[in-house]
Engineer: 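Structure in structure tokens, see below.
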Amino acid sequence: MTATAELAIRMRRAAFNRALTDADLSAIGPILAPEAVLVAGTDSALITGRKAQLLAWKREFGAKDRAIYTRTPETILLSPVEPIAFEHGNWAGVAASDGTPQASGSYTAKWRQIGQDWMIEAELYLTLA
């Protein structure tokens, strides 16, 4: 169960990263829990709910100087008592136009298994560069 759950979360994260690279809103939606929360790294902006996050990504995808963000998990800690997990890792944003680094840091994500799928309930980012 543990290895299967960790693999499922890592696969969902990879799918989320691909969706960000491809500017694919329809692929992001199913990975976010309906009430997902994101706390941005630099200004600590709070984006609450799947709809709000999809609107934020839509704006980002349409920006003239769009960035592509990648999250790279280092550890995934599964709860032994609930269908939840913490993912810890590093994130980076690069310019879509030429790959120039724009920002990077550390993140934590909380996942919950809802039905058969693992979904992001919360993400917290720390900008370090």
Engineer: Could you list the donor-acceptor pairs under 3.5 angstrom formed by side chains in residues 30-49, with sequence neighbours left out?
Structural biologist:
unit_1, atom_1, unit_2, atom_2, d
T42, OG1, T127, OG1, 2.9
D43, OD1, A45, N, 3.0

Engineer: Are any of the side-chain heavy atoms of L25 and F61 separated by less than 4.5 Å?
Structural biologist: yes

Engineer: Taking the side chain as every heavy atom from C-beta outward, state whether I120 and K110 have any atom pair closer than 4.5 Å.
Structural biologist: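 I120 vs K110: side chains apart.
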
Engineer: Would you name the heavy atoms of I76 and A85 that are closest together and state the gap between them?
Structural biologist: CG2-CB, 4.3 Å

Engineer: Just so I know, are the side chains of F86 and T108 near enough to count as touching, which here means a heavy-atom distance under 4.5 Å?
Structural biologist: yes

Engineer: Can you name the side-chain contact (heavy atoms from CB on, under 4.5 Å) partners of Q116, sequence neighbours left out?
Structural biologist: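 Result, side-chain contact (heavy atoms from CB on, under 4.5 Å) vs Q116: none returned.
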
Engineer: On a heavy-atom basis, which atom in V94 and which in P101 lie closest, and how many Å separate them?
Structural biologist: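 For V94 versus P101, the nearest heavy atoms are CG1-CA, 4.1 Å.
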
Engineer: What salt bridge (charged side-chain N to carboxylate O under 4.0 Å, His left out) pairs are there with at least one residue in residues 72-97, not counting sequence neighbours?
Structural biologist: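 Those involving residues 72-97 are R13-E87.
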
Engineer: Under the side-chain contact (heavy atoms from CB on, under 4.5 Å) test, which residues partner T75, sequence neighbours left out?
Structural biologist: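 Here the qualifying residues are H88.
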
Engineer: If you link ILVMFWY side chains whenever their heavy atoms are less than 4.5 Å apart, which other residues fall into the same cluster as M11? By chain and number, please.
Structural biologist: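 Traced through the cluster, M11 reaches L7.
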
Engineer: Applying salt bridge (Lys or Arg N to Asp or Glu O under 4.0 Å), name anything that partners R50, two or more places apart in sequence or on another chain.
Structural biologist: none

Engineer: Who are the side-chain contact (heavy atoms from CB on, under 4.5 Å) partners of E60, not counting sequence neighbours?
Structural biologist: W57, R66, A67, Y69

Engineer: Hey, could you give me the CG/CZ distance between L54 and R59, rounded to the nearest 0.5 Å?
Structural biologist: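 Atom-to-atom, L54:CG and R59:CZ are 11.0 Å apart.
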
Engineer: Output, in order, the C-alpha distance, side-chain angles, deciding distance and verdict of side chain to side chain contact (heavy atoms under 4.5 Å, CB included) for I84 and Q113.
Structural biologist: CA-CA 6 Å; I84 56 177; Q113 188 175 23; over 6 Å; no

Engineer: List for me each residue that meets side chain to side chain donor-acceptor pair (under 3.5 Å) alongside Y125, sequence neighbours excluded, and say none if there are none.
Structural biologist: R71, E123

Engineer: Could you tell me whether the side chain of L124 reaches within less than 4.5 Å of the side chain of Y107, counting heavy atoms only?
Structural biologist: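 Not in contact.
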
Engineer: Return the CD1 to CG distance between I9 and D117, rounded to the nearest 0.5 Å.
Structural biologist: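 If we round to the nearest 0.5 Å, I9:CD1 and D117:CG are 11.5 Å apart.
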
Engineer: So, using side-chain contact (heavy atoms from CB on, under 4.5 Å) as the criterion, who are the partners of A19 when residues are at least two apart?
Structural biologist: D24, A27, I28

Engineer: Please round to the nearest 0.5 Å and tell me the distance separating atom OG of S104 and atom CH2 of W91.
Structural biologist: 6.0 Å

Engineer: Can you list every pair that meets ring-ring contact (aromatic ring centres under 6.0 Å, His included) and has a residue in residues 14-41, with sequence neighbours left out?
Structural biologist: none

Engineer: Are N90 and T70 close enough, and set up right, to give a side chain to side chain contact (heavy atoms under 4.5 Å, CB included), and what steps lead you there?
Structural biologist: CA-CA 8 Å; N90 296 302; T70 303; over 6 Å; no

Engineer: Heavy atoms only: give me the nearest A5-L78 pair and the separation to one decimal.
Structural biologist: CB-CD2, 3.6 Å

Engineer: With sequence neighbours excluded, tell me which residues meet salt bridge (Lys or Arg N to Asp or Glu O under 4.0 Å) with R10.
Structural biologist: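 R10: salt bridge (Lys or Arg N to Asp or Glu O under 4.0 Å) contacts with E6.
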
Engineer: Just so I know, are the side chains of R112 and E121 near enough to count as touching, which here means a heavy-atom distance under 4.5 Å?
Structural biologist: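 They are in contact (side-chain heavy atoms under 4.5 Å apart), so the answer is yes.
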
Engineer: Suppose we screen for side chain to side chain donor-acceptor pair (under 3.5 Å). Which residues come up paired with S97, at least two apart in sequence or across chains?
Structural biologist: none

Engineer: Looking only at heavy atoms, what is the nearest atom pair of P83 and W118, with distance?
Structural biologist: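 Scanning both residues completely, I find the closest heavy atoms to be O-CZ3, 3.5 Å.
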
